[in-house]
Q: 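Have a look at this one before I ask anything.
Reckoned from all heavy atoms, side chains included, excluding hydrogens, waters and symmetry mates.
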Amino acid sequence: MIRSSSATRSSSSSPTRSSPVARSSGATRSPWRPRVWAPAVIAILIAALVWEYVATNNTYLLPRLGTIGQALATQPAFFLDNAWVTLSEALVGLVIGFVAAFVVAVLVTESGILRRAIMPLAVVLNVTPVVAIAPALVVAFGFGPAPKLIVTALITFFPILMNVITGLNSVSPPILQVFSTLRANRFEVLTRLRLPSSLPYVFAALKVVFPLSVVGAVVAEFSAPGAAKGLGTVISVASSNSRLAVVYAAIACLALMGAALLLLITLLEKRVLRWHESQLLKRE
């Protein structure tokens, strides 16, 4: 009778011992806990206070946050229209750069001769200042959107290329040996083994190049003349007229755009890579 009561007490107390662990793991996953969002909020508030202090004492250096908000509030359609132009250039250029880099990565992974032929050219292209190429692109392709798309594609090309190559080569030799034993051809190894294994590296590259594509589009609008719209053009024209509030309002739009793109690709990664160990570890 004593044994049964003690066993009952031990069994009833075991959930109590494990519940703090469960609550702790659940609290870690919850984004609404103060320790998750409070550090970011505090950092933003401190940055805003420092900004206001500097802007109040140096009006020629920074506009006040209220002035920037007023510029956004008085001309929302103007900023949205120009933001859409820049976003379109960024996404189309990113798609071009991604497709080109992915194809080149597959080729250099499958062929040693192509790797020795293409990689030096890719490195030279990466270290060449894109701003120096932009005027030549305008001469070759005119004042339309083509030079801006090419500049954006060039800026995003190399990070995607290197990450995809690393991902395609990340397959462990024992697994390759298993596929060889099963007499899988190169196409089957590529589609069923190398490509799925490269997905974490692809998403790591996309987290870098999605915001970087916005930077590329703005750089293209700066360096490729003839742009009538776009946030880069807004910044260029407003800075020449000493309209700091408009300049920083456009910069705020670019920052929000980059953050939204990064959030989008992060959510997509969690959706696509639910099976991968990196996502499984985050759930534990």
Q: Is there any ring-ring contact (aromatic ring centres under 6.0 Å, His included) pair reaching into residues 167-210, and which pairs are they, with sequence neighbours excluded?
A: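 Checked against ring-ring contact (aromatic ring centres under 6.0 Å, His included) - neighbours excluded - no pair reaches residues 167-210.
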
Q: How far does CG of Leu125 sit from CD1 of Ile118, to the nearest 0.5 angstrom?
A: 12.5 Å

Q: Under the side-chain contact (heavy atoms from CB on, under 4.5 Å) rule, collect the residues that match up with Pro159, sequence neighbours excluded.
A: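 For Pro159 the side-chain contact (heavy atoms from CB on, under 4.5 Å) partners, ignoring immediate neighbours, are Val209, Leu212.
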
Q: Give me each pair satisfying side-chain hydrogen bond (donor to acceptor under 3.5 Å, both in side chains) with a member in residues 77-87, each pair once, sequence neighbours excluded.
A: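 Those involving residues 77-87 are Asp81-Lys229, Thr86-Glu221.
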
Q: Where do Ser213 and Thr152 come nearest, in terms of heavy atoms and distance?
A: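 Shortest heavy-atom contact: O-CG2, 3.6 Å.
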
Q: Using side-chain heavy atoms (C-beta onward) and a distance below 4.5 Å, is Leu268 in contact with Ile265?
A: yes

Q: Drop me the distance from Leu161's CG to Thr156's OG1, to the nearest 0.5 angstrom.
A: 11.0 Å

Q: Any link between Val54 and Ile251 through a network of hydrophobic side chains (Ile, Leu, Val, Met, Phe, Trp, Tyr) touching at under 4.5 Å?
A: yes

Q: Taking the side chain from Ser198 and the backbone from Leu195, do they hold a donor-acceptor pair closer than 3.5 Å?
A: yes

Q: Grab the two heavy atoms, one from Val130 and one from Val151, that are nearest each other, plus how far apart they are.
A: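 Looking at all heavy atoms of both residues, the closest pair is CG1-CG1, 3.3 Å.
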
Q: Quick one: pull up OG in Ser197 and CG in Leu190 and give me the separation to the nearest 0.5 Å.
A: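 So the OG of Ser197 and the CG of Leu190 are separated by 10.5 Å.
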
Q: Which pair of heavy atoms, one from Pro211 and one from Gly258, lies closest together, and at what distance?
A: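 So the minimum-distance heavy-atom pair works out to CG-O, 4.0 Å.
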
Q: Each residue besides Leu263 in its hydrophobic cluster should be listed here, by chain and number; the cluster joins Ile, Leu, Val, Met, Phe, Trp and Tyr at side-chain heavy-atom distances under 4.5 Å.
A: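 Besides Leu263, the cluster holds Leu267.
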
Q: Can you hop from Leu87 to Phe222 via hydrophobic side chains spaced under 4.5 Å?
A: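 They do share one cluster, since a chain of ILVMFWY contacts under 4.5 Å joins Leu87 to Phe222.
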
Q: Would a 4.5 Å heavy-atom cut-off, applied to side chains only, mark Val202 and Val164 as touching?
A: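 Yes, side chains in contact.
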
Q: Could you list the residues that satisfy side-chain contact (heavy atoms from CB on, under 4.5 Å) with Tyr60, not counting sequence neighbours?
A: Asn58

Q: Check the surroundings of atom CD1 in Ile113: do more than 12 heavy atoms from other residues, nucleotides or ligands lie under 6.0 Å from it?
A: no

Q: Supply the members, apart from Val139, of the Ile/Leu/Val/Met/Phe/Trp/Tyr cluster built from side-chain contacts under 4.5 Å; use none for a lone residue.
A: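 Taking Ile, Leu, Val, Met, Phe, Trp and Tyr as members, Val139 stands alone, with no cluster partners.
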
Q: Any ring-ring contact (aromatic ring centres under 6.0 Å, His included) involving residues 148-178? Give me the pairs, sequence neighbours left out, ordered by first then second residue.
A: none

Q: Do the non-hydrogen side-chain atoms of Val215 and Ile155 ever get within less than 4.5 Å of each other?
A: no

Q: Kindly compute the distance separating CD1 (Ile160) from CG (Leu206), expressed to the nearest 0.5 Å.
A: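 Here the interatomic distance stands at 6.0 Å.
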
Q: Please give the remaining members of the hydrophobic cluster of Val208, linking ILVMFWY side chains under 4.5 Å, ordered by chain and number.
A: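 Joined to Val208, directly or through intermediates: none.
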
Q: Say whether Ile96 and Leu91 are linked into one hydrophobic cluster, either directly or through other cluster members, by side-chain heavy-atom distances under 4.5 angstrom.
A: no

Q: Among residues two or more places apart or on two chains, list those pairs meeting side-chain hydrogen bond (donor to acceptor under 3.5 Å, both in side chains) that have a residue in residues 103-121.
A: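 Passing the test, one end in residues 103-121: Glu110-Arg186.
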
Q: Which residues pass the side-chain contact (heavy atoms from CB on, under 4.5 Å) test with Val41, sequence neighbours left out?
A: Trp37, Leu45

Q: Nearest 0.5 Å, please: how far is CG in Leu137 from CD1 in Ile150?
A: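 Reported to 0.5 Å precision, the distance equals 5.0 Å.
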
Q: Do you know the tightest heavy-atom contact between Ala105 and Leu168?
A: O-CD1, 3.8 Å

Q: Examine Met162 and Val103 and state if one hydrophobic cluster contains both, with Ile, Leu, Val, Met, Phe, Trp and Tyr joined whenever side-chain heavy atoms are less than 4.5 Å apart.
A: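 In one cluster with Met162: Val103, yes.
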
Q: Not counting sequence neighbours, list each pair that qualifies as a salt bridge (Lys or Arg N to Asp or Glu O under 4.0 Å) and has a residue in residues 48-64.
A: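 The answer is Glu52-Arg64.
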
Q: Testing the basics here: between Ala250 and Phe79, what is the closest heavy-atom pair and its distance to 0.1 Å?
A: N-CE2, 3.8 Å

Q: Would you name the heavy atoms of Ser239 and Ser236 that are closest together and state the gap between them?
A: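 Where Ser239 meets Ser236 most closely, the heavy atoms are OG-O, 2.9 Å.
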
Q: Walk me through whether Met119 and Ile165 qualify under side chain to side chain contact (heavy atoms under 4.5 Å, CB included).
A: CA-CA 11 Å; Met119 288 308 297; Ile165 290 176; 3.8 Å; yes

Q: Quick check on the hydrophobic clustering: are Val214 and Val85 connected, directly or via other members, by side-chain heavy-atom contacts under 4.5 Å?
A: no

Q: How far does OG1 of Thr266 sit from CG of Leu261, to the nearest 0.5 angstrom?
A: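 Here the rounded value is 10.5 Å.
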
Q: Ignoring hydrogens and geometry, is there a side-chain-to-backbone donor-acceptor pair from Arg194 to Val189 under 3.5 Å?
A: no

Q: Side chains of Leu72 and Cys253: does their closest heavy-atom pair fall under 4.5 Å?
A: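 They are in side-chain contact.
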
Q: Apply side chain to side chain contact (heavy atoms under 4.5 Å, CB included) to Thr128 and Ile133, showing your working.
A: CA-CA 8 Å; Thr128 302; Ile133 303 176; 3.8 Å; yes

Q: According to ring-ring contact (aromatic ring centres under 6.0 Å, His included), does anything in residues 241-272 pair up with another residue at least two apart or in another chain? List the pairs.
A: Trp51-Tyr248

